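In what follows, a single structure is set out as C-alpha cells and then discussed.
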Number of protein chains: 2
Amino acid sequence: MSPTNAPAGAVRQASLRELNLALVLGRIAAADRPPSRADLATATGLTRATVSAVVEDLLAGRLVAEAEPAPRAGAGRPARGLVLADRGPAGLGLEVNVDYLAVCVVDLAGKVRHRTVHRADLRPVAPAEALALLVELAGQARADAARQGLTLAGAALAVPGLVDDAGLVRLAPNLGWRDVPVPALLAGHPPLTEQVPGVPALVVDNEANLAALGELHSRPPGPASFLHISGEVGIGAGIVLNGALFRGVRGWSGEIGHLPVHPQGLPCRCGGRGCLEQYAGQEAIVAAAGLARAELPADTATARLAELAEAGDAGALRALEEAGTALGVAVAGVVNLLDLDTVVLGGGYAPLAPWLCPPVLAEIASRVLTAAWSPVTVRPATLGAEAAAVGAAGSVVRQIVAQPAGWLARTG
Amino acid sequence: MSPTNAPAGAVRQASLRELNLALVLGRIAAADRPPSRADLATATGLTRATVSAVVEDLLAGRLVAEAEPAPRAGAGRPARGLVLADRGPAGLGLEVNVDYLAVCVVDLAGKVRHRTVHRADLRPVAPAEALALLVELAGQARADAARQGLTLAGAALAVPGLVDDAGLVRLAPNLGWRDVPVPALLAGHPPLTEQVPGVPALVVDNEANLAALGELHSRPPGPASFLHISGEVGIGAGIVLNGALFRGVRGWSGEIGHLPVHPQGLPCRCGGRGCLEQYAGQEAIVAAAGLARAELPADTATARLAELAEAGDAGALRALEEAGTALGVAVAGVVNLLDLDTVVLGGGYAPLAPWLCPPVLAEIASRVLTAAWSPVTVRPATLGAEAAAVGAAGSVVRQIVAQPAGWLARTG
DNA sequence: CACAAATAATTCAATCGTTGAACAAATAGT
DNA sequence: ACTATTTGTTCAACGATTGAATTATTTGTG
C-alpha cells in the first residue's frame with residue numbers, strides 16, 4: 001500500500017550487475033548456512049549462469065570465499081558453499097564518550113576483529129586533542145587489521161550528543177562539546193581508511209543511534225522494530241522502525257526523557273513538569289537510592305547501584321522499582337503509539353535490567369491494550385561494552401554488503 | 001547510513017524498462033509544470049533517446065498526454081510538455097462508516113472525478129447487506145467513470161477499525177463489526193474494477209490510516225513526517241514517517257487515546273488511569289460541554305459543538321480548551337519522541353480545530369524542548385469530507401504511477 | 001529570402017548483462 | 001560400465017540503453 005518502486009535516478013545497463021551483486025551478497029550474508037551457487041539461483045530467481053558470473057566477481061574482489069563442502073547423501077556434483085570473506089573489507093568504529101575512547105574493527109560477517117578502549121576523563125580535554133588521540137588509536141587498529149588481511153573501507157564515529165548531517169557536533173553536554181566541527185578537525189590528519197566509492201570516509205552520529213543500529217544488526221536477527229533506551233543523565237532512545245533507524249524531521253528523535261509521567265509533578269529543566277528524566281534518569285535513581293552523587297563517574301555509579309541491588313539494599317531496590325515504574329508508564333505509551341513488541345534496555349540501564357524489567361513489564365501489562373494477547377518483551381541489550389563503536393563499525397560493513405560494486409570498482 | 005540498495009529479487013533486462021517507466025512517470029507526476037522530454041532527460045540522467053522511447057510507451061498506454069506548448073522566447077524547436085492523462089486509469093475509493101457509505105473515483109493526477117455519499121445509520125445493518133449496497137454504489141461510480149474516459153484499476157475500502165493483512169476486519173466497535181471477512185463477502189459480487197498486474201483488486205484498511213495517507217499525498221506537497229489525529233469516540237492517529245505510514249509490528253500503531261495525561265486520573269476502559277481518551281475523546285468533550293450525549297450521531301455532535309463554540313457558549317469553549325490542553329500534553333510527548341514538526345487534526349477534530357489548536361500549541365510550547373527555535377505546526381486536515389475514501393482511491397492510483405509496467409502490460 | 005544558431009526530438013548501430021539450452025563436472029546407485 | 005542426479009560453465013540470442021549523427025522547428029540577422 002506504500003509504493004516505493006520508482007528509483008531515485010536513471011537505471012542503466014550497468015545497474016543490472018550492481019543490483020544483482022548486492023542481491024547475491026546480501027543473500028549470502030543472511031543465510032543460515034553457506035549457500036551454493038545453485039541455492040542462490042533458486043533463492044534469487046536469477047539463472048545459474050548469472051549467479052556464477054556474479055559470484056566470480058565477488059570471489060575476485062575478496063568479498064566472499066568458498067567453504068568446505070558439507071557432507072551429503074545422494075548423487076550429484078558436490079556443491080561449494082559461499083561465505084562472507086574474513087580477509088577483505090572491514091569497518092572502523094570509533095567512539096568518544098565521557099570517560100573513554102574506543103576503537104574497533106568489524107569484518108564483513110560482523111565479527112569484532114580488533115578492540116581498543118582508552119580509559120580517561122575526556123571532559124577537561126579539548127575536542128581537537130581528544131580526536132588526535134583517537135586518530136592514533138585508529139592507526140594502531142588499522143595496522144592490526146592489515147596483519148589480519150583486512151582492509152578498512154570506511155569509518156563511523158559515535159559521540160554522546162546531537163550531530164547534524166555534516167558531522168558537526170551541535171551539542172554533547174556531558175562532554176562539554178558545542179558546535180565541534182569533527183570532520184574539519186580530522187582533516188589535518190592522514191586518512192583513517194581506504195577510499196571506497198559509495199562509502200563516505202567518515203560519518204559522525206549519535207551514540208544512542210549507533211548502539212540501536214548495532215542491536216538491530218546483531219546476530220541472531222531480532223525484531224525489525226523496537227525501542228532501544230539508553231539510560232544516562234538524560235534518557236535517550238533509538239527508535240528502530242521496520243529495520244531502519246527513525247531519526248525524525250531534524251534528526252532529534254528519541255527524546256523520551258521529557259515524556260510526562262506525572263504532569264503535575266516535579267519541575268524539569270525542559271520547562272515542563274513530571275518528565276520521565278526526573279524519575280528514571282541516572283541522577284534521580286542515584287539520589288533516590290541515597291548515594292552521594294558527586295565524584296562518581298557514570299559507569300561507577302551504575303556499577304555501585306547494581307552491587308547494592310544484588311546485595312538486597314532496600315534503598316537501592318526501592319529506587320530501582322520506582323524508576324522502573326516511571327519508565328514503564330512512558331514505555332507503555334510508546335508501545336501503544338507505535339505498536340512495538342520489544343523494548344531493549346541499553347547504556348546505563350543494561351546492568352540494571354534485572355531490577356528495571358519487572359516494574360516496566362507490570363506497567364506495560366496494565367496499560368498496553370494488547371498486552372494480554374500479544375506480549376511485549378523487555379530485555380537488556382545484547383551488544384556489550386562499547387556498543388556504539390561496534391554499531392558504528394557495523395554500519396560501514398553493511399554499506400559494503402549493500403553496495404559491493406563500489407568496492408569491486410576499487411579493487412579492479 | 002541505512003543502506004537499502006539490495007533489491008528483493010532478481011533484476012532482469014526487462015527490469016530496466018520497468019524501473020525507468022516508473023522513474024519518468026513519477027517525475028511527470030511531481031513536476032510543477034509540464035516537463036518536456038528534454039527536461040526529463042536532464043532531470044533523470046537518462047539520454048534523450050531513452051526518454052523518448054519511455055514516453056512513447058506512456059503515451060500509448062494513456063498514462064500521459066502532451067500538453068499545449070507554453071509560449072516562449074528564443075530560437076529552438078518548441079517543446080511539448082507532458083502531463084498525467086485525465087482519460088486513463090483511476091482508483092476507486094470506498095468507505096463504510098457509522099452513518100454513511102462513500103464511493104469516489106480519483107484520477108491519475110489526484111483529482112476527484114466522482115463522489116457519492118449515501119447517508120444511513122449502518123450500525124443495525126449486517127455487514128453483508130452494507131457491502132451489497134456499497135457494491136451497487138460502486139457500480140454506478142464505475143459507469144460514470146467510463147463516461148469520463150476513465151478505467152478503474154483497483155479499489156481500496158476504508159473501515160473504522162482494526163483490519164488484518166488479508167482484509168479481515170477484526171474489530172470495528174462503532175459499527176459493531178467483529179471478524180468480518182470483507183473480501184470473502186465481496187467475492188460473490190462482480191469485480192469492482194479491471195484486473196491490473198501488480199495492483200490488488202481490493203485492499204481493506206483502517207480509515208484513519210487512509211485519511212493520513214490522503215493527507216500525505218494531497219497537493220501542494222506537505223511534510224513527509226507528521227501525526228494525523230482523528231478524534232472520534234476513540235482517538236486514533238495515523239503516523240506518517242519519512243513519507244510512509246508506520247503501521248507497527250501488528251498493524252495497530254497510532255493508538256494515542258491511551259497515552260497517560262493524568263496517571264492518577266480517571267479510570268479508563270483500558271485498565272489504566274488518566275488516558276487521553278477520558279479527557280479529549282468525543283464523549284468526554286460532549287459531556288464536559290453539557291450536551292446530552294445520547295441520540296446524537298457523531299457528525300451532529302461535532303457540528304453542535306462547533307456551533308456553540310462559534311456562538312461563544314462558555315461551557316463549550318471551556319470543554320474544548322480542556323480537551324485541547326490534554327491533547328497537547330499527549331501530542332507534545334509524541335513530538336518530542338519522534339521529532340515531528342507537524343500535527344494534523346482530522347476526523348471529528350477538524351471542524352473543532354479553531355478552538356483546539358491554541359491550547360495544543362500552548363502545551364507544545366511549554367513541553368517540547370525544541371519548540372523555541374523550531375516551531376511545530378498544528379493545523380486542520382486539508383482533505384475535506386470523506387477523507388478516507390479519497391485517500392483510499394489515491395492509494396490505488398499511486399500504485400499505478402509507481403509501477404506503470406503492469407498497467408501497460410494489460411493494455412498492450 | 002537564405003543562412004546561422006539554438007533547442008527539441010528521433011534514428012541507428014554498438015555495447016552489455018541476462019537468458020535458456022546445451023554441455024561439462026562430479027558424485028551415488030545399479 | 002552405464003544411468004541418474006545435481007552442480008557449475010559455455011555460448012549465442014535478446015532487449016534496453018547509449019552516444020553520435022541526423023532531423024525538426026523555431027528565432028534572429030544580413
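Letters go in sequence order (proteins before strands), and every chain restarts at 1. Since this is a predicted model, take the numbers as computed values, not measurements.
Picking from D/dT10, D/dG15, C/dT10 the nucleotide with the shortest atom distance to the side chain of A/Gln13 gives D/dG15. When distances are taken from the side chain of B/Thr47 to each of D/dT7, C/dA28, D/dT18, the shortest belongs to D/dT18. The A/Ala75 side chain lies nearest to C/dT27 when the options are C/dA8, C/dT27, D/dT25.
For C/dG17, the OP1/OP2 oxygens have no side-chain nitrogen or oxygen of A/Thr50 closer than 4.0 Å. For the OP1/OP2 pair of D/dT17 and a distance below 4.0 Å, the side-chain nitrogens and oxygens of B/Arg17 include at least one atom meeting the criterion. At C/dA8, none of the side-chain N or O atoms of B/Arg48 fall inside 4.0 Å of OP1 or OP2 (strictly under the cut-off). Considering only side-chain N and O atoms, B/Arg12 lies nowhere under 4.0 angstrom from the phosphate OP1 or OP2 of D/dG15. Between B/Asn20 and D/dA16, a side-chain N or O to OP1/OP2 separation shorter than 4.0 Å is absent.
Taking atom CG of B/Leu46 as the reference point, atom C1' of C/dA9 lies 15 Å away to the nearest angstrom. Atom C1' of nucleotide C/dA8 and atom CZ of B/Arg77 are separated by 5 Å, given to the nearest angstrom. Rounded to an integer number of Å, the gap from B/Leu408 CG to D/dA16 P is 12 Å. The distance from atom CZ of B/Arg37 to atom C1' of D/dT25 is 14 Å, rounded to the nearest whole Å. Between A/Leu16 atom CG and D/dT17 atom P the separation is 10 Å, expressed in whole Å. Protein atom CG of A/Asp57 is 14 Å distant from nucleotide atom P of C/dC16, rounded to whole Å. Following rounding to the nearest Å, A/Leu19 (CG) and D/dT17 (C1') show an atom-to-atom distance of 15 Å. Going from atom CG of A/Asp39 over to atom C1' of D/dG8 covers 12 Å, rounded to whole Å.
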Chi angles and distances behind the side-chain hydrogen bond (donor to acceptor under 3.5 Å, both in side chains) call for B/Thr42, B/Asp39: CA-CA 5 Å; B/Thr42 300; B/Asp39 291 335; 5.9 Å; no
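If you find the closest nucleotide of DNA chain C to B/Ala49 and to A/Ala49, the one lying nearer the 5' end belongs to B/Ala49. With the nearest nucleotide of DNA chain D identified for both A/Pro78 and A/Ala10, A/Pro78 has the one nearer the 5' end.
Side-chain contact between A/Asp57 and A/Leu408: present, with at least one pair of heavy atoms (C-beta onward) separated by less than 4.5 Å. A 4.5 Å side-chain heavy-atom check between A/Leu58 and A/Leu82 finds every atom pair outside the cut-off.
Among the heavy atoms of the strands lying under 4.0 Å from B/Ser52 is at least one base atom, whether or not backbone atoms are also near.
Counting heavy-atom neighbours within 6.0 Å of A/Arg87 CZ, excluding the residue itself, gives a total of 12 or less. More than 12 heavy-atom neighbours from other residues, nucleotides or ligands sit within 6.0 angstrom of CG on A/Asp164.
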